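Following: one structure in structure tokens, then a few remarks.
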Amino acid sequence: MRIPIVGGNWKMNTTRAEALPLLVALRDGLDGFDGAEVVVMPPAPWLGDAANVLEEDSAVHIGVQNVHWEPRGAFTGEQSAAMLVGTAEYALVGHSERRHVFGESDADVNRKLRSILDAGLRPILAVGETEAERDTGATYEVLRRQLEGAFAGFTDLPTTIVIAYEPVWAIGTGRTATPEAAQEACAAVRSMVAERFGAEAASALRIQYGGSVTADNIAALAVQPDIDGALVGGASLNPEAFIAICRAIAQARHA
Ligand code: 13P
């Protein structure tokens, strides 16, 4: 039985004055919640605040949106996974905005993934096709290339890893993938992981769907057999919406 996992990726949003009450609302609104694992990913400047607000027994875990692949060094403006030990538990890697806005390659994703694992953090690896790739029927080819690139040189699937299927055309557009399309792609990711690392590893792997998830559309996505939660962008900035998404995901699993 896979425990669903919900991520809230705030991206480059919130002032400190906005971030603090949002963190408090999540802590209080999800007090005692155990229907899914919850990970909040605030911008890096608020990670220390997040750690202060979300004490160790909080139901809300902390993730970082991006890391450099080296543990330390002359990399002005960057943060390493190693530095986040003790503050964050999860680290996002391969997000479409990192790939498409900042030009990160599959090789970069591979290096970052290794650094996250070396530091003992839990990676959330995002993959997904663009609209043009979907339109030309290249979706599975792209997912396979991204997975092969991320896992180049790996002999086993890292046990702590979560994969997020986030079709680029659904991110921030309001055009959520249909539950059927999201299920089909998540099932394809699982079978690619099974081919590469074996059926047992693949069946234990948690796969999130991300892309315009809201409190209104999550229930139909969350009941799909290969979808184990969600990675939420815009709606994670609204505590009521995000908490409703967490509860709907927990509900779907018990249904
Ligand atoms: P939206 O939920 O705003 O579409 O963003 C999804 C996302 O990119 C989460 O990482």
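Nothing here was measured: the structure is a model prediction, and the numbers come from that model. Remember, it's 1-based here, ligands and their atoms both numbered in the order they're listed.
- Apart from V101 itself, the hydrophobic cluster it occupies contains F102, where clustering links Ile, Leu, Val, Met, Phe, Trp and Tyr at side-chain heavy-atom distances under 4.5 Å.
- Residue I62 holds its CD1 atom at 12.5 Å from OH of Y90, rounded to the nearest 0.5 Å.
- Side-chain contact of Y140 with E184: a donor-acceptor pair under 3.5 Å is present, judged by distance alone.
- Under the 4.0 Å criterion applied to side-chain N and carboxylate O atoms, E166 and R99 are not assigned as salt-bridge partners.
- Of the heavy atoms in N9, only side-chain atoms (C-beta onward) come closer than 4.0 Å to ligand 1.
- Contacts with ligand 1 closer than 4.0 Å are made by backbone heavy atoms (N, CA, C, O) of A170 only, the side chain lying farther away.
- Numbered from 1 in the order shown, with element, the atoms of ligand 1 that lie under 4.0 Å from a heavy atom of H95 read 7 (C), 8 (O), 9 (C), 10 (O).
- At a 4.0 Å cut-off, not a single heavy atom of G210 sits close enough to ligand 1 to count as contact.
- Distances between N or O atoms of G234 and those of ligand 1 include at least one value under 3.5 Å.
- Between S115 and D118, the side chains place no donor N or O within less than 3.5 Å of an acceptor N or O (distance only, hydrogens not considered).
- Among the candidates E133, E129, E195, the single residue satisfying the salt bridge (charged side-chain N to carboxylate O under 4.0 Å, His left out) test with R144 is E195.
- Within ligand 1, counting atoms from 1 as listed, the ones closer than 4.0 Å to a heavy atom of E166 are 6 (C), 7 (C), 8 (O), 9 (C), 10 (O).
- Contact between G63 and P42 at its shortest, heavy atoms only, is O-CD, 3.7 Å.
- Residue contacts with ligand 1: G172 is included, with a non-hydrogen atom under 4.0 Å away.
- Atoms of ligand 1 found under 4.0 Å from any heavy atom of K11, numbered from 1 in the order shown, are 5 (O), 6 (C), 7 (C), 8 (O).
- Heavy-atom contacts of S212 reach the following atoms of ligand 1: 1 (P), 2 (O), 4 (O) (cutoff under 4.0 Å).
- Within ligand 1, counting atoms from 1 as listed, the ones closer than 4.0 Å to a heavy atom of L231 are 9 (C), 10 (O).
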